[in-house]
Amino acid sequence: MRSEFDDIRAHITAEPARAGDLLELAHALLDDLEQLRTREAILRSHYLGLLTAARATVAADVVGDQAPLTFLEHELARHGQLPDGEQAPRILADAAGAQAMLAHLDEPAPPRARAPRGPHCGGVSRRLRS
């Protein structure tokens, strides 16, 4: 399945440029960029909250706090992510799998054999979303 960027690229190269189309395309791309920037800011905010809670939890454990998990539990509960007892085995299995994948993240990917690319349809009759 092709991405929207591939669709846009095909549209631009397949048809003669008209000022109205390019302006519409520019507005659509700017709207998409603004949505992505907003999403990124929200994700960074959630990450910062989780990181802060994790660090505070470890620091509380280091100083011998009676309930060091309070910070992390509060942050998880705030996002509706505090697990119950039934979810614990699945969450632990997911975490072990994620750790195993992360351990191999820096390894170079094996080269993939590529088939020669032939001509492809540019989709000249498709309309960009508005």
Side-chain angles (χ1 to χ4, degrees):
M1 193 160 154
R2 292 180 358 182
S3 72
E4 285 186 34
F5 290 119
D6 291 336
D7 290 341
I8 292 169
R9 187 176 293 111
H11 179 75
I12 290 171
T13 58
E15 294 185 15
R18 293 185 300 270
D21 288 346
L22 292 177
L23 195 56
E24 180 182 330
L25 178 62
H27 283 293
L29 289 174
L30 287 173
D31 289 345
D32 288 349
L33 284 173
E34 188 174 336
Q35 286 178 351
L36 289 172
R37 287 180 67 193
T38 301
R39 253 195 218 154
E40 180 187 14
I42 291 168
L43 287 173
R44 284 178 181 266
S45 172
H46 290 309
Y47 173 78
L48 181 60
L50 186 58
L51 180 62
T52 302
R55 292 184 75 218
T57 296
V58 171
D61 186 52
V62 167
V63 298
D65 190 289
Q66 295 295 323
L69 293 176
T70 302
F71 300 103
L72 195 53
E73 287 172 344
H74 173 75
E75 186 65 20
L76 291 173
R78 195 174 87 145
H79 294 286
Q81 295 294 319
L82 194 61
D84 60 25
E86 293 177 14
Q87 296 170 325
R90 180 184 50 83
I91 291 171
L92 291 172
D94 289 348
Q99 288 297 322
M101 286 191 297
L102 288 173
H104 299 287
L105 192 61
D106 292 332
E107 295 176 5
R112 291 181 9 191
R114 290 185 163 215
R117 295 181 95 177
H120 64 281
C121 175
V124 295
S125 64
R126 291 180 76 177
R127 302 268 310 146
L128 295 174
R129 67 181 174 99
S130 50

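The first residue in the sequence is number 1, and the count goes up from there. These numbers come from the heavy atoms of this one structure, side chains and all, not from hydrogens, waters or symmetry mates.
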Here the gap from Thr38 atom OG1 to Gln35 atom CD, rounded to the nearest 0.5 Å, amounts to 7.5 Å
For His104 and Glu107, test the side chains for any donor-to-acceptor distance below 3.5 angstrom and give the result as yes or no.
yes
Leu50 side chain near Leu72 side chain, heavy-atom distance below 4.5 Å
yes
Check whether any side-chain heavy atom of Leu30 sits under 4.5 Å from a side-chain heavy atom of Glu34, and report yes or no.
no
Qualifying residues under side-chain hydrogen bond (donor to acceptor under 3.5 Å, both in side chains), relative to Arg44, sequence neighbours excluded
Glu40
Just by modelled atom types, is the Ala41 backbone N or O under 3.5 Å from a matching donor or acceptor in the Ser45 side chain?
no
If you measure from CD on Gln87 to CD on Gln81, what distance do you get to the nearest 0.5 Å?
8.5 Å
Mind checking what makes salt bridge (Lys or Arg N to Asp or Glu O under 4.0 Å) contact with Arg78, not counting sequence neighbours?
Glu75
Between Phe71 and Ala60, the two heavy atoms sitting closest are CE1-CB, 4.0 Å
Got a sec, which pairs hit salt bridge (Lys or Arg N to Asp or Glu O under 4.0 Å) with one end in residues 86-95, sequence neighbours left out?
Arg90-Asp94
Can you tell me how far CG of Leu29 sits from CG of Leu36, rounded to the nearest 0.5 angstrom?
10.5 Å
